[in-house]
Amino acid sequence: MAMSEFQIARAGDFEGREITLRGWLYNLRESGKIRFPIFRDGSGLMQAVVSKAEVSEAVWQRVGELTQESSVLARGTIHREPRAPGGFELVLRDLEVLQRVPEDDPYPIAPKEHGVDFLLSHRHLWIRSARQSALLRIRHEVVRAIREFFDSRGFFLTDAPILTPAACEGTTTLFGLDYFDLGQAYLTQSGQLYVEATAAALGKVYCFGPTFRAEKSKTRRHLTEFWMVEPEVAFATLDDLMKLGEDLVCHIIERVLQRRRPELEALERDTKRLERIKPPFPRISYDEALKLLHEKGSQLPWGEDLGGADETLLSEHFEKPVIIHRYPTKAKAFYMEPDPARPELALCMDMLAPEGFGEIIGGSQRLSSYELLRQRLREHNLPEEAFGWYLDLRRYGSVPHGGFGLGIERTTAWIAGIPHIRETIPFPRLLYRIYP
RNA sequence: UCCCCGGUAGCUCAAUGGUAGAGCAUUCGGCUGUUAACCGAAGGGUUGCAGGUUCGAGUCCUGCCCGGGGAGCCA
C-alpha cells in the first residue's frame with residue numbers, strides 16, 4: 001500500500017488535502033440540509049459533513065439514502081474540526097456507493113446494546129464495531145510485541161506440530177481425530193515438549209500457535225482454541241524464567257501503550273494502571289501465597305493447586321503481576337524439576353495479572369534426569385513408548401532448561417481491560433459455539 | 001459433568017392468570033453543526049418446542065431444546 005494512501009488513523013497527515021476514503025458507512029445523522037455520515041475504514045472512524053448547498057443534488061441524494069455498512073468511496077478534503085470525534089472531518093465533495101445495503105434486509109447490528117448470544121452469532125459482523133475492531137488491533141500489537149521481543153533477544157521461532165500422537169500432559173482432555181492408517185491423533189494442547197527438543201538444538205527458541213483443550217470449561221477465561229507463545233531456553237534456571245516472563249510482559253505493555261493509545265481510549269481502559277507495570281514484579285513462593293490467602297479467609301490446604309477464587313484474591317492484592325513459584329510437586333505436571341532444597345516442591349512459576357484477571361503465564365524448569373523422568377511417567381500412568389523421543393533429550397546431553405507459556409487472549413484481555421477473553425480473538429471457539 | 005439464570009417484534013426489554021407493549025432498527029414527514037442527534041407518524045408477533053392444569057396461560061406444572069454465568073481443569 002502506497003504511503004500516500006489515505007487512512008483514518010493517520011488523518012492528521014492529510015489535513016487540507018483532497019483524499020478518497022475507502023470504507024463503510026458506520027452511522028448517519030442528519031439535520032435538515034446538513035448530513036453527517038460517519039465512515040469507518042478499518043483503522044478508525046471519521047465523521048464527514050455534507051451541506052445541501054455545497055454539493056450536487058445527486059451526491060446529496062446518495063448520502064441521504066446511505067444505509068448502515070454500505071460500502072463507499074468518499075472523496076473530499078480533510079479539515080481540522082474540534083466538533084468532530086477524532087478532531088478531523090471529511091468535507092465531502094463526491095460519493096460513490098459500491099454496494100448499498102438494502103433497507104428490507106438491513107445490517108443486523110444496530111448502534112445500540114445487544115445480547116451476548118446475538119453478538120456471538122454475528123461475530124463475523126460484530127468485529128466491525130468500534131470496540132471490537134479496537135480490541136483486535138490491540139491483539140495484533142500484543143502479538144507483534146511478542147515476536148519483536150524474542151526475535152531481538154536471539155530466540156529462534158521453531159513452531160511445534162499441531163497434530164500430535166499423544167497427550168502432552170496426560171490429564172487434560174484432547175480433541176481426537178483419525179490419522180490415516182496410524183490411528184488416533186490429537187490436536188496439540190501445548191508445544192512445550194517439542195520446544196524442549198528444539199531448545200536442545202538451537203539454544204533459545206519459542207513456538208507460537210494455536211492450542212486446543214477439549215475440557216468442558218465454561219468461564220470467562222476459557223476457550224477451546226486459543227493462542228499461546230511458548231519460549232524454551234537451554235541452561236535456564238527458574239530465576240532466569242521469572243526474569244524472562246517479567247521482561248516479556250513489560251515489553252508488551254510498553255508497546256501497546258506506545259502504539260495503541262486510541263484503541264485503549266476507545267475501550268475506556270485506565271492506562272495509568274498499565275503505566276505502573278514496570279519491573280520488578282513481586283515474587284512469592286507458594287507457601288507465602290498460601291499464608292496470604294489464609295489471612296484473607298481462604299481455607300485452601302497445603303498441597304493443592306490454587307483455585308479460581310484464590311487466584312482472583314491474589315491478583316487483586318497486587319498492583320503489578322505477581323509471580324508465584326515453587327508449588328507442591330503433586331499439584332503440578334510430571335515434567336517439572338524438583339527443588340533440590342525441598343524436593344516436595346517443583347521449580348515452577350505462574351504469573352497472575354492484576355485487577356483480578358488471573359493467570360497469564362505458567363512455566364517451569366524441566367526435569368533433566370533420565371531416571372527421574374521415567375519414574376514420573378510411571379507414577380502418572382503415561383505410556384513410556386510414546387515418550388521415547390522425549391526421554392532421548394535426557395539421554396543425549398541433558399542440560400537444565402525451562403520455559404513457559406503465555407496465553408495471548410488472557411494477556412490481551414487484561415491489557416485491554418475486557419472481562420471476557422472471547423472478545424480478544426476474531427472467532428472464539430467455545431463449549432457451545434463453533435459458528436461462525 | 002454439576003449448580004444458578006434466561007428464551008416475548010430484526011435487536012434490547014416490559015406485560016397481578018383476563019384485549020401482547022415500549023425504545024432502537026426499517027419506511028414516510030420535519031429540522032443547516034449533529035455526537036448511539038432530536039421531533040411526529042406507519043408497518044412489524046405461531047411469546048423456544050411438546051404436553052398438562054384452568055372458563056381463560058407470555059404468566060402456573062412436567063419434559064425437552066437452545067443460550068448465558070459460575071465450579072472443576074487450565075493459558
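Note that the structure is a prediction, hence the values are computed from the model and not measured. Because only heavy atoms are used, hydrogens play no part in the values below, and waters and symmetry mates are left out as well, while side chains stay in.
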Asks: What's the CD1-C1' distance between I425(A) and rA75(B), to the nearest Å?
Replies: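 To the nearest whole Å, that distance equals 12 Å.
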Asks: Looking across every strand, which nucleic acid part, if any, lies under 4.0 Å from D305(A) by heavy atom: base, sugar-phosphate, or nothing?
Replies: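 D305(A): backbone/sugar contact only, no base atoms under 4.0 Å.
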Asks: For a side-chain contact (heavy atoms from CB on, under 4.5 Å) with R378(A), tell me which candidate from Q375(A), R376(A), H380(A) qualifies.
Replies: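 Exactly one option meets the side-chain contact (heavy atoms from CB on, under 4.5 Å) with R378(A), and it is Q375(A).
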Asks: Taking the nucleotide of RNA chain B with the nearest heavy atom to each, does G307(A) or D117(A) sit closer to the 5' end?
Replies: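 Counting from the 5' end, the first nearest nucleotide belongs to D117(A).
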Asks: Just checking E89(A): base, sugar-phosphate only, or nothing, at a heavy-atom cut-off of under 4.0 Å?
Replies: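 Base, at least one base atom sits under 4.0 Å.
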Asks: Choose from rU27(B), rG68(B), rC74(B) the nucleotide whose nearest atom is closest to any side-chain atom of T67(A).
Replies: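 My answer, after comparing the listed nucleotides, is rU27(B).
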Asks: Between rC74(B) and rC4(B), how far apart are the two P atoms, rounded to whole Å?
Replies: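 Nearest-Å result for rC74(B) against rC4(B) at atom P: 26 Å.
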Asks: Mark yes or no for a side-chain to base donor-acceptor pair under 3.5 Å between H114(A) and rC11(B), with no hydrogen or angle criteria applied.
Replies: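 For H114(A), whose side chain was compared with the base of rC11(B), there is no donor-acceptor pair (under 3.5 Å).
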Asks: Pairing check on rG43(B): which nucleotide meets the Watson-Crick or G-U wobble criteria with it, both distances under 3.5 Å?
Replies: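 Partner of rG43(B): none.
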Asks: Does a nitrogen or oxygen in the side chain of K218(A) sit under 4.0 Å from OP1 or OP2 of rG69(B)?
Replies: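 For rG69(B), OP1/OP2 do not have a side-chain N/O of K218(A) under 4.0 Å.
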Asks: rC11(B) and rG45(B): how far apart are their P atoms, nearest whole angstrom?
Replies: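 Each nucleotide's P atom is 13 Å from the other's.
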Asks: Can you tell me the distance, in whole Å, between the CD atom of E230(A) and the C1' atom of rA75(B)?
Replies: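 E230(A) atom CD is separated from rA75(B) atom C1' by 9 Å.
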Asks: Is it the case that the side chains of R22(A) and T20(A) hold a donor-acceptor pair, with the cut-off being a distance below 3.5 Å and no angle test?
Replies: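 No, no side-chain donor-acceptor pair sits under 3.5 Å.
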Asks: I need the full list of salt bridge (Lys or Arg N to Asp or Glu O under 4.0 Å) pairs touching residues 113-133 of chain A, with sequence neighbours left out, sorted by first then second residue.
Replies: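 Listed by first then second residue: E69(A)-R128(A), D117(A)-R433(A).
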Asks: NA contact type, E409(A), heavy-atom cut-off 4.0 Å: base, sugar-phosphate, or nothing?
Replies: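 Nothing, no heavy atom under 4.0 Å.
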Asks: Determine whether a donor-acceptor pair (one donor, one acceptor, N or O, separation below 3.5 Å) exists between the side chain of E113(A) and the base of rG23(B).
Replies: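 Such a pair does not exist between side chain and base.
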Asks: Please state how far atom NZ in K216(A) lies from atom P in rG69(B), giving the value in whole angstrom units.
Replies: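 Nearest whole value for this atom pair: 17 Å.
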Asks: Within the structure shown, what part of the strands sits under 4.0 Å from I408(A) by heavy-atom distance: base, sugar-phosphate, or nothing?
Replies: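 I408(A): no heavy atom of the nucleic acid under 4.0 Å.
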Asks: Could you work out which one of rG67(B), rA25(B), rU27(B) sits closest to the side chain of P111(A)?
Replies: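 That would be rA25(B).
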Asks: In whole angstrom, give the distance that lies between atom CD of E103(A) and atom C1' of rC24(B).
Replies: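 After rounding, the reported distance stands at 18 Å.
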Asks: Which of these nucleotides, rA25(B), rU32(B), rA75(B), is closest to any side-chain atom of P106(A)?
Replies: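 Per side-chain heavy atoms of P106(A), the pick is rA25(B).
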Asks: Quick one about S43(A) and D41(A) (side-chain donor to acceptor, distance below 3.5 Å, no hydrogens or angles considered), yes or no?
Replies: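 There is such a pair (donor and acceptor under 3.5 Å, judged by atom type) between the side chains of D41(A) and S43(A).
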Asks: Rounding to the closest angstrom, what is the interatomic distance between rC61(B) and rC24(B) at atom C1'?
Replies: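 It comes out at 36 Å once rounded to the nearest Å.
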Asks: Count the heavy atoms of every other residue, nucleotide or ligand shown that sit under 6.0 Å from CD of E57(A), and state whether that count exceeds 12.
Replies: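 More than 12 heavy atoms, drawn from other residues, nucleotides or ligands, come within 6.0 Å of this atom.
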Asks: Pairing donors with acceptors under 3.5 angstrom, does anything connect the side chains of E196(A) and Y335(A)?
Replies: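 Result is no, nothing qualifies.
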Asks: Give one of base, sugar-phosphate or nothing for D350(A), where a contact means two heavy atoms less than 4.0 Å apart.
Replies: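 No contact at all - D350(A) keeps every heavy atom at 4.0 Å or more from the nucleic acid.
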Asks: If I pick the C1' atom on rU8(B) and the same atom on rG67(B), what distance separates them, to the nearest angstrom?
Replies: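 That atom pair is separated by 16 Å.
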Asks: Using purine N1 to pyrimidine N3 plus N6-O4 or O6-N4 for Watson-Crick, or N1-O2 and O6-N3 for G-U wobble, each under 3.5 Å, what pairs with rU34(B)?
Replies: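 In the structure as shown, rU34(B) has no Watson-Crick or wobble partner.
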Asks: So with a 6.0 Å cut-off around CZ of F156(A), is the heavy-atom count from everything else above 12?
Replies: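 No, not enclosed.
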Asks: Roughly how many Å apart are rA75(B) and rG17(B), using the P atom of each and rounding to a whole number?
Replies: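 Each nucleotide's P atom is 50 Å from the other's.
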Asks: Could you check how far NE2 of H222(A) sits from C1' of rG72(B), rounded to whole Å?
Replies: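 One finds 9 Å between C1' of rG72(B) and NE2 of H222(A), rounded.
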Asks: Please confirm whether the shortest side-chain N or O distance from R433(A) to OP1 or OP2 of rG68(B) is below 4.0 Å.
Replies: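 R433(A) to rG68(B) OP1/OP2: side-chain N or O found under 4.0 Å.
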Asks: Mind checking the C1' distance from rG44(B) to rU26(B)? Whole angstroms is fine.
Replies: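 Those two atoms are separated by 9 Å.
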Asks: Counting any heavy atom closer than 4.0 Å, what does H420(A) reach on the DNA or RNA strands: base, sugar-phosphate only, or nothing?
Replies: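 If one applies the 4.0 Å heavy-atom cut-off, H420(A) turns out to touch the sugar-phosphate alone, with no base involved.
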Asks: How about T158(A) and T198(A): does a side-chain donor come under 3.5 Å of a side-chain acceptor?
Replies: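 Yes, T198(A) and T158(A) have a side-chain donor paired with an acceptor closer than 3.5 Å.
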Asks: Just compare rA75(B), rA71(B), rU12(B) and give me whichever is closest to any side-chain atom of T219(A).
Replies: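 Nearest nucleotide to the side chain: rA71(B).
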Asks: Nearest-Å distance, CD (E30(A)) to P (rU26(B))?
Replies: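 Taking atom P of rU26(B) as the reference, CD of E30(A) is at 11 Å.
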Asks: Searching all strands shown, indicate the nucleotide that pairs with rG23(B) (Watson-Crick or G-U wobble; both distances under 3.5 Å).
Replies: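 Because both required distances fall under 3.5 Å, rG23(B) counts as paired with rC11(B).
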Asks: Would you mind telling me which of rG68(B), rC74(B), rU32(B) lies closest to the side-chain atoms of R221(A)?
Replies: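 Selected nucleotide: rC74(B).
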Asks: Just to confirm, is there a sub-4.0 Å distance from OP1 or OP2 of rG69(B) to any side-chain nitrogen or oxygen of R422(A)?
Replies: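 Looking at the OP1 and OP2 atoms of rG69(B), one of them is under 4.0 Å from a side-chain N or O of R422(A).
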Asks: Among rA36(B), rG69(B), rA75(B), which nucleotide sits nearest the side chain of R29(A)?
Replies: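 Within the option list, the nearest is rA36(B).
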Asks: Check every strand shown and say whether Q47(A) touches a base, only sugar-phosphate, or nothing at a heavy-atom separation below 4.0 Å.
Replies: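 Base, at least one base atom sits under 4.0 Å.
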Asks: Counting any heavy atom closer than 4.0 Å, what does F36(A) reach on the DNA or RNA strands: base, sugar-phosphate only, or nothing?
Replies: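 Base, at least one base atom sits under 4.0 Å.
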Asks: Quote, to the nearest angstrom, the P distance that separates rA20(B) from rA25(B).
Replies: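 After rounding to an integer number of Å, I get 28 Å for this pair.
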Asks: For F226(A) and rA75(B), is the gap between ring centres under 5.5 Å while the planes differ by less than 30°?
Replies: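 According to the criterion (under 5.5 Å, under 30°), yes, F226(A) stacks.
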Asks: Mind calculating the distance between CD1 (I38(A)) and P (rU34(B)) to the nearest angstrom?
Replies: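 Between P of rU34(B) and CD1 of I38(A): 13 Å.
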Asks: Do Y206(A) and D151(A) have a side chain donor and acceptor closer than 3.5 Å?
Replies: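 Per modelled atom types, Y206(A) and D151(A) side chains form a pair under 3.5 Å.
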Asks: Can you tell me how far P of rC38(B) sits from CG of L28(A), to the nearest Å?
Replies: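 For the pair L28(A) CG and rC38(B) P, the rounded distance is 13 Å.
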Asks: Between rU26(B), rU12(B), rG72(B), which nucleotide gets closest to the side-chain atoms of K112(A)?
Replies: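 Closest of the options to the side chain of K112(A): rU12(B).
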Asks: Which is true for A309(A) with a 4.0 Å heavy-atom rule: it touches a base, it touches only sugar-phosphate, or it touches nothing?
Replies: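 The answer is nothing, as A309(A) stays clear of every strand by at least 4.0 Å.
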Asks: When you measure only distances, ignoring hydrogens and angles, does the side chain of S217(A) come within 3.5 Å of the base of rC73(B) through a donor and an acceptor?
Replies: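 Yes, the side chain and the base share a sub-3.5 Å donor-acceptor pair.
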Asks: Measuring only the C1' atom in each nucleotide, how far is rA15(B) from rG63(B)? A whole number of Å is fine.
Replies: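 Nearest-Å result for rA15(B) against rG63(B) at atom C1': 27 Å.
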Asks: Look at the side chain of I421(A) and decide which nucleotide, out of rA71(B), rC24(B), rA75(B), has an atom nearest to it.
Replies: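 Within the option list, the nearest is rA75(B).
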Asks: Any donor-acceptor pair, under 3.5 Å, between the side chain of R410(A) and the base of rC74(B), if you only look at N and O atoms?
Replies: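 Looking at the base of rC74(B), it does pair with a donor or acceptor on the side chain of R410(A) (distance under 3.5 Å).
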Asks: Okay, side chain of R410(A), backbone of R221(A): is any donor-acceptor separation there less than 3.5 Å?
Replies: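 Pair found, side chain donor or acceptor close to backbone of R221(A).
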Asks: Across all strands shown, which nucleotide pairs with rG63(B) by Watson-Crick or G-U wobble geometry, both distances under 3.5 Å?
Replies: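 Result: rC49(B).
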Asks: May I ask you to say what P85(A) touches in the nucleic acid, namely base, sugar-phosphate or nothing, with a heavy-atom cut-off under 4.0 Å?
Replies: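 Base contact.
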Asks: Taking the nucleotide of RNA chain B with the closest heavy atom to each, which residue, G308(A) or F118(A), is nearer the 5' end?
Replies: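 The residue whose closest nucleotide sits nearer the 5' end is F118(A).
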Asks: Among rA25(B), rC11(B), rC74(B), find the nucleotide with the atom closest to the side chain of A110(A).
Replies: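 Of the candidates, rA25(B) comes closest.
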